[in-house]
Each structure stands twice: as C-alpha cells, then as structure tokens.
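Letters A, B, ... are given to chains in the order of the sequence lines, protein chains preceding strands, and every chain is numbered from 1. All values below come from the heavy atoms of this structure, side chains included, with hydrogens, waters and symmetry mates left out.
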Amino acid sequence: MPENEGLHAAVAAGVLPAEDEFALLLRSIVVVARAIFGARGSSIFLYEPETDELVFAAVAGDDEQGLVGKRMPSSRGIAGWVLSSRTPLVLEDVQQDPRFARDVAEGTGYVPKGLMAVPLLHDETVLGVLQVLDRPERAAFSLREMELLGLFANQASIAVALLVAARRARAALAGHGDAAAVAALAAAVEALEGERRAAGIALVDALARILA
Amino acid sequence: MTSFALHESADDELPAWSLPRDAAGRIPIDNLLPARVDRDWAIGGATGAGISVCILDSGIEASHPLVGEIKSAVNISVDEDENPVAADDTEGDLCGHGTACAGVVRALAPDAEIHSVRVIGAGFSGSGSVLIAGLRWAVQQGYDIVNMSLSTTKRRFGDALHELADTAYFNRSILVASAHNMPVESYPWRFSSVISVGSHEEPDPLVFYANPNPPVEFFARGVDVDVAWLGGGTIRATGNSFATPAIAAIAALVLSKHPGLTPFQLKTVLYLISNNVGGEARA
C-alpha cells in the first residue's frame, strides 16, 4: 500500500464526492428560489478568478441544463455590476435595455422581462451571483421580497464557499494550488510512525501556534 | 516655546486644536440655521444650481434624455502604487446603473452639475482598489456631493475608505452612500462621516425618513422606481442604489439654496425636514 494512500483515502472520502453533492445543493437552492418566488427561472453564477469570468453553476427553469458551464466576462451586464458592486439589484422591463437583451439572448437564448440579482457574499469575499428571473408581476415589489432574496443568497453563499474550499482541497491533493505544501506536510506526518510521528505532530502544533 | 495664541493678531489663523479665551469672537459660524427649519426654508424653489454631484458608479450614458448634460466623465484605473489614474471616459455606461442614479439626481435637482466617475467595468479583479482610487480622485476634485450607490466588503479597504470619508467631511464634500440591502459588513456607508441611505416603499421621491437607529440614517424611495437606463429608455428598479441618489439630490437642493453648509449642518437640516421629524410641508 503506498504510504500516502491512507491520507488520500481519508481526505478523498470527505472531499472528492463533494463536487456532485454541492452541485445538487446549488441546484436545490435555485429550484426552491424559483418555487418560492413563483419565478420562471433562477440561476447561480460562480466567479472564477483565474479567468475573471462568471460561470453558470446551477440553473432552474426552461432549457436549464444547456446553460450550466456557460461563461461571461465578470464586468458585463447586470450580473457583472452586482458582482463588482456587491449590491443586490431588482429590475423590471430589462428587455428595454437593448444591449442587455442582445448579450443575454446570445448567451442563453432566453431574455427575461424582469430579474432579481444578488451577490453571493461569504465573509468579505464575493463568490458569485444568484439571479431570479421573471417573478410574476404584482402591483408593487416589496422590501420583504428583497429580504427573502438575501436569505436565499446567504444560504447559497455557504454552499458555494464549501464548494470553493473543496475545490482547493482537491487541487492541493493533486499537487496544485497554494494549499499543496500544507497537504504535502500532512501527508508526510501521516506517513510517520512511533516517536517520529509524535515528534512530527509536535512540530506541526508548534508551527500552528507560531502562525496563529 | 512661547504661548502661541494670546499674542496673535486677529488676522492670524487660529490653531485647529484649541480656542483661546479672546478668540471666540473670531470664529463666526456662516449659515446659521433659523429657529425653525422647514422644507420651505431648506429647499423651497431650489433647483440644485451651482452644486456639483459626482456619480461614482458604472459610468453615465451620454445624451440620455432623462440625464441631460454630463459636465465631465472619467474612467478610473490604478497605477502600480494603486494611485488613481483618471482618463476621459468615452464608453459611457457599461451596465445602466450609473445612468439610473444620474437620472434620479436630475429629476429632483434639475440644475445640478452631474459628473461621472466610472469605477466599474474593467473586470472584477482589482475592483476594490479601483473603487478606493475613484473615491480618492472624487474627493480630490472637491465635488459638493459624491453619490456612492455601491460598497466594498473588503475589510482591508475599510481604513482607507474611513480616512477618505473623513477627509471629504472636513473638506465639505458630502458622501451619500447606499446601505447594504443584506446583513453584511461593507463600507463606506457604515461610517458616521457619510450620509447612509436605505429604502422605503412609498412612491413619492421627496418623502424621506430619518432613522433613529443608525447606521442607516435615512430612508428614501427605493422600491419600484422608474429610472433612466441604457438605450435612452427607462427601467423599473428596486434597491438602496436608487434611494441614495434621491437623498443626494435633496442634499443638492439644500446646498444650492444654502451654499457653504458643513456636512454636519446639512445632515441636521436633512434630519429636521425628514417626514417623520418636521418635513410634512412640501417644497
């Protein structure tokens, strides 16, 4: 048995299946958001720092599965503004905005009439944008709906934060990313036995105290 | 070292940190408020003339009929030391949001000068630095009012924003900043040197309320607002983003009628004419 297999198996058991689970969780959030608001669709964009793009991560609505994985520049359109400004926005009659309509239609084939967009904030980081498309028109929008949207965004943010952490852990296990050194250290300690293992753990404890 | 104040002549500039016994008569307060401040005194007949309002946002669409003349428009980037670099902005508005804010100001304060400082649109990465740089540049220009319908959640920018907000306050530039719609820590709206704005649900753009429980200090119209948007059109929008320029515009009205008010005095006037204090009488 390769000496790192125990560590890999232990971490992988907790991390590697998570991508699918998180995808299901994100999809569940947009499905519920769509149902609660009685909307035609809902979607979550994730911000990808490496490419400075927004990526469709979960979609509920018409033609939903074709959209997952599609990308757009982080600075474009209403989702881009919400991402950059970290501020929610609720708009009706967006079809009157010719550039928005053209951009969205080219990207998704579907131009909503109204949309609510809210940033996914986790601590001080913005991870993406949650959108709810074409809720039924009512006499007036209410601040209560804005509050509800924020609650959903908070839930989605936690899920996305876990997803991002899981992806970093996977990258570390694969030897990439800024956590790779930590993963390598953990693997080295895991491989030790007896007194050397105790000494290794004491060393890591001391390191943790110094860095804290 | 000799005593500095007792021997100064009346023409000497007073030190900012103390007031000698014989010097009190040398610091008259301009713009004394009347015994009763009401809307008629504060904004009756005011148009915002002579007041510069900076929209720190996504740019403003040129020649939008609901915005009219844009006095200046710059796009902000940062150099290697994160200092602001301002270039003429020929791209207009990359989202629609800045145009919306400008339209709200124009509707309420038709003769105010509108300036666009674009801090959004060059990509998300580094947007916090550009926001700080844009605000720094706006404060350096000395605009009477800076509308910030945006914020940052980055704590490392908090100190810089705090310092800029205080600099603006002492230089008599009014920062009007959107409160966040969500329960998160973000800046600069939480600082007491700015005027922070949330939304109410009523349709009258001149109705606004003082909040006795800050950090949100005022509530203005922010729900189902018909705002200017891209392509010369309008859109119906909700968010504190659109309440903020309403207060910025009302502040412009007050300043145009009573130029030289300090931010402290202006905030007091806004409080006194808010609808839940003494502001039922309309302009």
Side-chain angles (χ1 to χ4, degrees), chain A residues 47-54 73-102 113-126 128 137-147 149-151 153-154 157, chain B residues 57-58 93-98 100 119-128 130-131 148-158 178-187 198-203 219 222-227 229-242 244:
Chain A
Y47 175 64
E48 192 176 88
E50 295 78 16
T51 58
D52 205 11
E53 289 178 317
L54 284 165
S74 69
S75 59
R76 290 286 287 277
I78 289 155
W81 188 88
V82 168
L83 183 83
S84 295
S85 68
R86 297 166 159 83
T87 300
L89 200 53
V90 177
L91 300 173
E92 308 288 349
D93 304 325
V94 292
Q95 287 167 336
Q96 289 187 22
D97 175 351
R99 190 163 64 191
F100 171 79
R102 188 179 65 247
K113 189 169 187 305
L115 67 82
M116 304 190 283
V118 58
L120 299 178
L121 295 164
H122 182 73
D123 195 16
E124 62 175 35
T125 306
V126 58
E137 284 197 51
R138 301 189 184 101
F141 187 79
S142 76
L143 291 173
R144 174 78 189 124
E145 285 176 279
M146 180 69 95
E147 191 180 335
L149 187 65
L151 293 175
N154 190 41
S157 301
Chain B
D57 210 288
S58 58
D93 189 345
L94 299 183
C95 162
H97 191 273
V119 291
I120 284 178
F124 173 71
S125 56
S127 57
V130 173
L131 174 64
M148 288 188 70
S149 290
L150 38 77
S151 63
T152 179
T153 51
K154 291 275 187 191
R155 277 187 286 274
R156 72 185 175 92
F157 295 128
S178 283
H180 211 287
N181 295 74
M182 298 157 68
V184 296
E185 288 282 326
S186 69
Y187 317 99
S199 298
H200 66 60
E201 295 180 320
E202 296 173 50
F219 297 112
V223 174
D224 280 339
V225 188
D226 288 320
V227 293
W229 204 260
L230 298 182
T234 62
I235 208 166
R236 180 161 293 181
T238 292
N240 293 346
S241 288
F242 312 107
T244 304

- Message: Using heavy-atom distances under 4.5 Å, tell me whether A:Leu89 contacts chain B through its side chain, its backbone, both, or neither.
- Response: both
- Message: Between B:Ser241 and chain A, with a heavy-atom cut-off of 4.5 Å, which part of the residue counts as in contact: side chain, backbone, both or neither?
- Response: side chain
- Task: Decide yes or no for A:Asp93 and B:Trp229: does some side-chain heavy atom of the first lie under 4.5 Å from some side-chain heavy atom of the second?
- Result: no
- Considering non-hydrogen atoms only, spot the tightest contact between B:His180 and A:Pro88 and give its length. CE1-CD, 4.0 Å
- Which distance, rounded to the nearest 0.5 Å, do you find between the CG of A:Leu143 and the CG of B:Asn181? 8.0 Å
- Query: Do any N or O atoms from the side chain of A:Glu124 and from the backbone of B:Arg155 form a donor-acceptor pair under 3.5 angstrom?
  - Reply: yes
- Item | A:Ser85 side chain near B:Ile120 side chain, heavy-atom distance below 4.5 Å | yes
- How close do A:Arg86 and B:Thr153 get, heavy atom to heavy atom, and via which atoms? NE-OG1, 2.7 Å
- Item | Leading residue by heavy atom contact count with chain A [cutoff under 4.5 Å; candidates B:Asp226, B:Leu150, B:Ile235, B:Val227] | B:Ile235
- Structural part of B:Asp57 lying under 4.5 Å from a heavy atom of chain A: side chain
- Using non-hydrogen atoms and a 4.5 Å limit, figure out which bit of B:Thr152 sits close to chain A: side chain, backbone, both or neither. both
- Item | Rounded distance [0.5 Å steps], CD in A:Glu92 versus CG in B:Asp224 | 6.5 Å
- Query: Any idea which heavy atoms bring A:Ala153 and B:Met182 closest together, and the distance?
  - Reply: CB-CE, 4.0 Å
- Looking at A:Asp123, A:Asn154, A:Leu121, which one forms a side chain to side chain contact (heavy atoms under 4.5 Å, CB included) with B:Val184? A:Leu121
- Message: Counting heavy-atom pairs under 4.5 Å with chain A, which one of B:Ser58, B:Gly233, B:Ser151, B:Gly239 comes out on top?
- Response: B:Ser151
- chain A heavy atoms under 4.5 Å from B:Ser178: which part of the residue, side chain, backbone, both or neither? neither
